[in-house]
**Student:** 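I have a structure I would like to understand better, so I am pasting it below and will then ask my questions one at a time.
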Amino acid sequence: MNRRESLKYLAAGSIASGLLLSGCDWSNPEEVEKSLWKYKYGRTADEAAHDNSILAQRFFTTAELVLITKLAHLILPPNEIGDIEKAEVPELIEFMAKDYTPFQEPLRSGLTALNKRASSAFGSDFLSLKETNQHELLEPIAYPNEVTEELKEQASFFNLMRNLTLTGYYTSEVGIKDLGYQGNQPNVWNGVPDHVLQKHGMSYDESWMPHFLDISRRNDKAEWDENGNLLT
Amino acid sequence: MEIISSKKVYDVIIVGSGAGGGMATKVLSEAGLKVAVVEAGDYFDPANPEQQTQLKWPYESPRRGSNIHRAFGDFDALYGGWNIEGEPYTNVEGTEFDWFRARMLGGRTNHWGRISLRFGPLDFKSKSRDGIGEDWPIGYDDVKPYYDKVDKLIGVFGSKEGIYNEPDGFFLPAPKPRLHELYYKKGAEMAGVKVMPSRLSIVTKRINDERGVCFYCNQCNRSCQVYADFSAGSCLIFPAQKNGGQIDLYTGAMVREVMTDGNGRATGVSYIDKASGKDYELKGKVVVLAASACSSARILLNSKSAVHPEGLGNSSGLIGKYLHDSTGADRMGFVPALMDREIYNEDGVGGMHIYSPWWLDNKNLDFARGYHIEVWGGLGMPSYGFGFNPNDLNRFFGERVGGYGDHLRKDIRKYYGSMVGMSGRGESIARKENYCEIDPEKVDKWGIPVLRFHYTWSDEERKQARHMHDTFEEIIVNMGGIPLGDKPDKESNYGLHKPGRIIHEVGTTRMGSDPKQSVVNEFERLHDVDNVFVVDAGPFVSQADKNPTWTILALSWRTSDFIVDQFKQQNF
């Protein structure tokens, strides 16, 4: 499927609902295209069609998504590097609920149950509560080994929310920066830095050193003698 | 049914484009033969930006790379998997086998672990050693010259160790171990387990002018855009095309059967063009099957004729029999000394920099064959699943598990890179009772009869897996670590993965000198038909605890030389 076909496909579907969260201006074709083709990772045509059909549907209501966003913020508050909205965590949860449908029921019923608890404890829905009251509702469901029998389901919902929130954050651009991951770029590996080796009381065996790559000669074409000894 | 027949007669038709098919394509075309390569999947080139997954970030996938659709996640290069829509297979009740198939040019070589081990002298003669299974009709000395050529052509890093059953080759230099690998080395050596540099087909040093040199992104499973890892497309088929080989590539072409004449000799293959659904026939003087062990067996069993009523080359009744996969069991440990690590770029090559070859003598053990240990861990790139149960390990310190708020950041940072895992991959025993056959009831979406599997593990494999887990625990404890999860018990087969899960299935067109006891001869030619060869892992008599690829490549080259020689003698 090429871009034009894909756009046509989306236009025929329920465009506006699907990507609401990205704040995309749907009257601006350039922006639509940018939003749609954000995901490029070597997909096959079938895979792209599947992804686009998921993106064009909507599962959660606006109210549910606002609650998901709030919960995700409580699970991982913003810091100077990033927050769960920059990490597009709500978009991921919306996508996953459609892509992996066993998530739908526990997430939806968990949100409903949370609002019910808010209502019976404080006479209001969760979002309208002061943060201290919100914390009071989360405390009994946030520690899986300390949960009472009647809150087991709420606790497993919260566990799922925490997992999706954290995985969404740490697989995002800001989350990867926050973690400090240094890789996924062309470089040359020349072993563990010396000071790290020292800190761990480790060293490279002298007897192993001849086996290792001399990085300055890695572009010299390999040649061997007849016994397999590398000459270059 | 309308069949569209080509007038062209190829010298050789090769079915499949993975390790075996890729090597046959290169050797046969470079000898001047006219070759057709028939691949069931799509065209694939890791240098094509539209198909590249290498160096992508997790957020470039809307599911952050999770494995809901591709078996090993969105960024893994492989098209296909254990379940393919419209291409079912079945299991005999009470048995299980998960069948993995690639559907792309280059096949599974686009995403494999690049673990490139030669079989040793003992591996070809197992029965002589322990009385179990069967010897190959050839030995290490027959294959050694081809292993040498494969090393030099494709490139494999490693170290010369002088171990009798782990033969050395022509190695490129090895990368230095990562930090967790040094911990593993320490723990393993304390347990008396040999540790040495890995042997992976990744170009750490320039091998020719066509291929790039590894730039250490750790993503060989995504297939390398500079061709610094071995994939059959980028290292065999593309170079053969560039060298002027007469190669016609048919992709999206699902082979139905090998066509034969009234004398039972092969005349070509019939295939379905997946895009149009139309049937085609290609004519060839020789047919080389390299569709993977079970797919080649399926094609042969489906190629029935008056001369070959039980399937082509199946007078022994052994096609499909002796199917065996590697054994596999895994364990992970938590190493507190690796908490709160300093973060640096630790990607390295794709896969482990060190490993443990089989280090014991089975004479002193209660199971027949050995296994090697692969190691994993380190400061890897987050992907879907990272951050799940972020502080479960708090329980080892009497701290609360779970919660919410900024402390989760600290927890994640604290435990990042503190886990070390081990995977045992071992030799199973080839048994006649483990087989694939044609299911008389079921066809795939093109109407081709599908395979039915019958596979069970025996005590040999179960006892081996138990030994793996004893070893893993000892090594983890020696590293100052804590083994995670429960040690699997007898009820769970000691953690042995289901058959087919290690994706080393071999043995379905067994090699031998006696036509009653085997399907192909020592040059991988059907005993029954002189112009059909099988160059995938089907001919393996046993699979050792070594990954099959390097031996597939060496044998395919050897067989291709034989075919060229037969053409020179005008026997085809």
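Every chain is numbered from 1 and lettered A, B, ... according to where its sequence line falls, protein lines coming before strand lines. Please read all numbers here as calculations on a predicted model, not as lab measurements.
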**Student:** Centre-to-centre under 6.0 Å for His211(A) and Phe171(B), is that the case here?
**Tutor:** no
**Student:** Could you tell me which portion of Asn219(A) (side chain, backbone, both or neither) has an atom closer than 4.5 angstrom to a non-hydrogen atom of chain B?
**Tutor:**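 For Asn219(A), heavy atoms of backbone and side chain both lie under 4.5 Å from chain B.
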**Student:** Would you mind telling me which of Ala77(B), Gly158(B), Gly405(B), Gly155(B) has the largest number of heavy-atom pairs within less than 4.5 Å of chain A?
**Tutor:** Gly405(B)
**Student:** Sort Ile141(A) into side chain, backbone, both or neither according to what part of it lies under 4.5 angstrom from a heavy atom of chain B.
**Tutor:** neither
**Student:** Among Pro210(A), Gly191(A), Pro77(A), Pro78(A), which residue has the highest count of heavy-atom pairs closer than 4.5 Å to chain B?
**Tutor:**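 Looking at each option in turn, the highest pair count goes to Pro77(A).
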**Student:** Could you walk me through whether Arg43(A) and Asp74(B) satisfy the salt bridge (charged side-chain N to carboxylate O under 4.0 Å, His left out) test, starting with their C-alpha distance in whole Å, then the side-chain angles of each, then the deciding distance to 0.1 Å, before giving a yes or no?
**Tutor:** CA-CA 8 Å; Arg43(A) 291 175 299 183; Asp74(B) 280 342; over 6 Å; no
**Student:** Under a plain distance cut-off of 3.5 Å, with no hydrogens placed, do Tyr170(A) and Arg64(B) share a side-chain donor-acceptor pair?
**Tutor:** no
**Student:** If you apply the rule salt bridge (charged side-chain N to carboxylate O under 4.0 Å, His left out), what do you find for Lys199(A) with Glu342(B), and how did you get there?
**Tutor:** CA-CA 10 Å; Lys199(A) 191 179 158 196; Glu342(B) 179 177 330; 5.9 Å; no
**Student:** Can you find a pair of side-chain heavy atoms, one from Asn345(B) and one from Gln185(A), that are under 4.5 Å apart?
**Tutor:** yes
**Student:** Return the option, out of Arg409(B), Arg63(B), Gln52(B), with the maximum number of heavy-atom pairs under 4.5 Å with chain A.
**Tutor:**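 The candidate making the most pairs under 4.5 Å is Arg409(B).
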**Student:** If I measure from the heavy atoms of chain B, does Asp225(A) come under 4.5 Å with its side chain, its backbone, both, or neither?
**Tutor:** backbone
**Student:** Quick check on the structure: residues of residues 209-217 of chain B within a heavy-atom distance below 4.5 Å of chain A, by number.
**Tutor:** Asp209(B), Val213(B), Cys214(B), Phe215(B), Tyr216(B)
**Student:** Checking heavy atoms, do the side chain of Pro177(B), its backbone, both or neither come under 4.5 Å from chain A?
**Tutor:**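 Its backbone and side chain both get close to chain A.
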**Student:** Which region of Tyr41(A), side chain (C-beta onward) or backbone (N, CA, C, O), has a non-hydrogen atom less than 4.5 Å from a non-hydrogen atom of chain B, or is it both or neither?
**Tutor:**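 Looking at Tyr41(A), backbone and side chain both touch chain B.
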**Student:** Given side chains that start at C-beta, do those of Gln51(B) and Thr44(A) come closer than 4.5 Å, heavy atoms only?
**Tutor:** no
**Student:** For chain B, find which of Thr232(A), Leu160(A), Leu74(A), Asn79(A) contributes the most heavy-atom pairs closer than 4.5 angstrom.
**Tutor:** Asn79(A)
**Student:** Could you name the residues of residues 173-182 of chain A that have a heavy atom within less than 4.5 Å of a heavy atom in chain B?
**Tutor:**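 Listed by number: Glu173(A), Ile176(A), Asp178(A), Leu179(A), Gly180(A), Tyr181(A), Gln182(A).
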**Student:** Evaluate the ring planes of His200(A) and Tyr183(B), with Trp represented by its six-membered ring, and classify them as parallel (under 30°), tilted (30 to 60°) or perpendicular (over 60°).
**Tutor:** perpendicular
**Student:** Any heavy-atom pair between the side chains of Pro390(B) and Leu166(A) that's under 4.5 Å?
**Tutor:** yes
**Student:** Against chain A, label Glu346(B) side chain, backbone, both or neither, depending on which of its atoms sit under 4.5 Å from a heavy atom there.
**Tutor:** both
**Student:** With respect to chain A, which residue among Leu55(B), Ile343(B), Leu408(B) yields the maximal number of heavy-atom pairs within a distance under 4.5 Å?
**Tutor:** Leu55(B)
**Student:** Identify which of Arg341(B), Glu50(B), Glu60(B) forms the greatest number of heavy-atom pairs closer than 4.5 Å to chain A.
**Tutor:** Glu60(B)
**Student:** Which heavy-atom pair separates Leu164(A) from Phe388(B) by the least distance, and what is that distance?
**Tutor:** N-CE1, 4.3 Å
**Student:** Side chain, backbone, both or neither: which part of Phe386(B) has an atom under 4.5 Å from a heavy atom of chain A?
**Tutor:** both
**Student:** Identify which part of Asp205(A) has an atom lying under 4.5 Å from any heavy atom of chain B, answering side chain, backbone, both or neither.
**Tutor:** side chain
**Student:** Check whether any side-chain heavy atom of Lys205(B) lies under 4.5 Å from a side-chain heavy atom of Asp214(A), and answer yes or no.
**Tutor:**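 No - every pair of side-chain heavy atoms lies 4.5 Å or more apart.
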**Student:** Could you check whether Lys176(B) makes a cation-pi contact with Trp208(A), meaning its NZ or CZ is under 6.0 Å from the centre of the six-membered ring and within 45° of the ring axis?
**Tutor:**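 That pair does not qualify as a cation-pi contact.
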**Student:** At a heavy-atom separation under 4.5 Å, does Arg70(B) approach chain A through its side chain, its backbone, both, or neither?
**Tutor:** side chain
**Student:** With only heavy atoms counted, which part of Ala87(A) is less than 4.5 Å from chain B, the side chain, the backbone, both or neither?
**Tutor:**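 The backbone, not the side chain.
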**Student:** Could you check if a side-chain atom of Thr204(B) sits within less than 4.5 angstrom of a side-chain atom of Arg218(A), using non-hydrogen atoms only?
**Tutor:** no
**Student:** Side chain, backbone, both or neither: which part of Leu138(A) has a non-hydrogen atom closer than 4.5 Å to chain B?
**Tutor:**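 It is both, since atoms from each part get that close.
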**Student:** Would the number of heavy atoms belonging to other residues, nucleotides or ligands and lying under 6.0 Å from CD of Glu153(A) be above 12?
**Tutor:** no
**Student:** Quick one: do the Asn184(A) and Lys56(B) side chains pair a donor with an acceptor below 3.5 Å?
**Tutor:** no
**Student:** Give the minimum heavy-atom separation between Pro144(A) and Gly402(B), together with the two atoms involved.
**Tutor:** CD-CA, 3.9 Å
**Student:** Highest number of heavy-atom pairs under 4.5 Å with chain A: which of Pro175(B), Gly65(B), Gly417(B)?
**Tutor:**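 Top count of heavy-atom pairs under 4.5 Å with chain A: Pro175(B).
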**Student:** Specify the closest pair of heavy atoms between Ser383(B) and Thr171(A), including all atoms of both residues, with the distance to one decimal.
**Tutor:** C-CG2, 3.4 Å
**Student:** Would one find more than 12 heavy atoms of other residues, nucleotides or ligands at under 6.0 Å from atom NZ of Lys186(B)?
**Tutor:**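 No, NZ of Lys186(B) has 12 or fewer neighbouring heavy atoms, counting only those of other groups under 6.0 Å.
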**Student:** Do other residues, nucleotides or ligands put more than 12 heavy atoms under 6.0 Å from Phe72(B) CZ?
**Tutor:**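 Check passes, neighbour count above 12.
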**Student:** Check each atom of Glu85(B) against the heavy atoms of chain A and say whether the ones under 4.5 Å are side chain, backbone, both or neither.
**Tutor:**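 Answer is neither: Glu85(B) stays 4.5 Å or more from chain A.
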**Student:** With a 4.5 Å cut-off on heavy-atom pairs, point out which of Ile207(B), Leu172(B), Val401(B) contacts chain A the most.
**Tutor:**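 Winner by heavy-atom pair count: Val401(B).
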**Student:** Is Asn208(B) close to chain A through its backbone or its side chain, or both, or neither, when contacts mean heavy atoms under 4.5 Å?
**Tutor:**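 Contact with chain A involves the backbone of Asn208(B) alone.
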**Student:** Quick check on Asp347(B) against chain A: is it the side chain, the backbone, both or neither that has a heavy atom closer than 4.5 Å?
**Tutor:** side chain
**Student:** Can you tell me which portion of His135(A) sits under 4.5 Å from chain B's heavy atoms? Options are side chain, backbone, both or neither.
**Tutor:** both
**Student:** Would you mind checking which part of Leu182(B) comes under 4.5 Å of any heavy atom in chain A, side chain (CB onward), backbone (N, CA, C, O), both or neither?
**Tutor:**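 Both backbone and side chain.
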**Student:** Please determine, by modelled atom types, if Tyr404(B) and Glu139(A) share a side-chain donor-acceptor pair under 3.5 angstrom.
**Tutor:**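 On atom types as modelled, these side chains qualify, holding a pair under 3.5 Å.
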**Student:** Considering only NZ, NE, NH1 and NH2 on the basic side and carboxylate oxygens on the acidic side, decide whether Arg400(B) and Glu146(A) come within less than 4.0 Å.
**Tutor:** yes
**Student:** Is chain A contacted by the side chain of Val226(B), its backbone, both, or neither, given a heavy-atom distance below 4.5 Å?
**Tutor:** neither
